[in-house]
Asks: 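My questions will all concern the structure given below.
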Amino acid sequence: MTNNVNPSVLAMRDTGPSPEAQITRDIVKRGVIAAPALVTASWLVWGSDGAWSSGYGLGLVLCNFMIAAGLVATTARISYALMMAATLFGYIVRLGIVALAVMLVRNEPWVDLMALGLTLVISHLGLLFWEMRYVSATLAFPGLKPTLTSTMSGYDSVSSSIPHDDNPVISTEKANV
Amino acid sequence: MEALAAIARIAAEAGDAAADPAAAKATAAAASAGYAYGLAAIGPGIGIGIIFGKAIESMARQPEAAGMVRTTMFLGVAFTEALALIGFVAFILLKFA
């Protein structure tokens with residue numbers, strides 16, 4: 001099944017701009033935009049405790065995204081093998097960090113666990129769907145994307161179709177191993 | 001030895017709890033929440049492994065599409081992680097709320 005796979009792919013690395021970092025920047029921007037609405041909604045339902053919990057939960061989600069993107073972007077510059085390992089172990093570590101962050105504050109007087117839990121799930125999924133709409137539209141209609149962003153993000157398939165050595169977006173190269 | 005002592009202590013506590021039905025029920029609920037969280041983390045772990053394996057395979061076949069592959073891969077991983085997050089939130093709400 002994997003006969004056509006280049007065996008040295010794990011020794012390859014990507015020195016171009018990281019699409020994960022761009023995605024996370026967009027998600028953080030949208031999270032900041034959505035934060036007032038989310039906190040206000042929680043305040044209306046659960047009061048001030050809910051508002052604080054909601055803000056804390058949203059901060060956790062955004063930090064989680066940033067750590068994930070940082071891990072992938074940093075390790076992809078070293079090698080794909082390290083990227084895979086860092087992401088798989090990073091998944092466990094990030095889950096632990098989220099659990100620890102919630103456990104540390106669960107007995108605080110300003111925490112409403114229901115608001116915190118629902119914010120974690122809703123903001124994570126909501127921000128992802130919001131970003132996915134943008135990414136899928138960009139992949140489907142690359143011509144609609146602003147030129148500067150297109151050059152920097154590495155999202156679109158048009159720039160990805162440039163021959164590998166000449167592609168400014170994806171300059172994958174073999175690591176010196 | 002410390003691990004054995006810890007196991008013995010937990011078993012003793014479980015025995016004490018068994019004597020009191022309410023405590024036994026609370027212990028069972030806590031254990032179930034823990035198992036639920038653990039089981040909820042297994043599926044996304046497998047899913048993320050599959051996503052990354054396929055992404056590496058795709059980048060090996062078409063290195064020029066690496067940017068697009070990594071974009072969709074990152075979103076896929078984040079969506080898969082949401083399952084674990086839901087499991088964690090269910091655990092928190094069942095155990096502490």
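Chain naming here is simple, since letters A, B, ... match the order of the sequence lines and numbering starts at 1 in each.
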Asks: Between A:His124 and A:Phe65, how do the two ring planes meet: parallel, tilted or perpendicular, split at 30° and 60°?
Replies: parallel

Asks: Identify which part of A:Val102 has an atom lying under 4.5 Å from any heavy atom of chain B, answering side chain, backbone, both or neither.
Replies: side chain

Asks: What residue in B:Gly45, B:Gly49, B:Ala55 has the most heavy-atom pairs under 4.5 Å with chain A?
Replies: B:Gly45

Asks: Of the options A:Leu60, A:Val111, A:Leu113, which is the one that meets A:Val105 in a side chain to side chain contact (heavy atoms under 4.5 Å, CB included)?
Replies: A:Val111

Asks: What part of B:Phe88 lies closer than 4.5 angstrom to a heavy atom of chain A: side chain, backbone, both or neither?
Replies: side chain

Asks: Please assess A:Thr87 against A:Leu71 for the test side-chain contact (heavy atoms from CB on, under 4.5 Å), listing each intermediate value before the final yes or no.
Replies: CA-CA 7 Å; A:Thr87 305; A:Leu71 268 178; 5.7 Å; no

Asks: Between A:Arg94, A:Met132, A:Arg106, which has the largest tally of heavy atom pairs under 4.5 Å with chain B?
Replies: A:Arg106

Asks: Which region of A:Asn64, side chain (C-beta onward) or backbone (N, CA, C, O), has a non-hydrogen atom less than 4.5 Å from a non-hydrogen atom of chain B, or is it both or neither?
Replies: side chain

Asks: Is it true that, when you exclude A:Trp46 itself, more than 12 heavy atoms of the residues, nucleotides or ligands shown sit nearer than 6.0 Å to its CH2?
Replies: yes

Asks: So, the side chain of B:Thr72 versus the backbone of B:Val69: is there a donor-acceptor pair under 3.5 Å, distance only?
Replies: yes

Asks: Report the distance from atom CG of A:Leu100 to atom CD1 of A:Ile97, rounding to the nearest 0.5 Å.
Replies: 8.0 Å

Asks: Below 4.5 Å from any heavy atom of chain A, which atoms of B:Leu93 appear? Answer side chain, backbone, both or neither.
Replies: side chain

Asks: Given heavy-atom pairs under 4.5 angstrom as the criterion, report whether the side chain, backbone, both or neither of B:Ala41 touches chain A.
Replies: both

Asks: At a 4.5 Å cut-off on heavy atoms, which part of A:Met83 comes close to chain B: side chain, backbone, both, or neither?
Replies: both

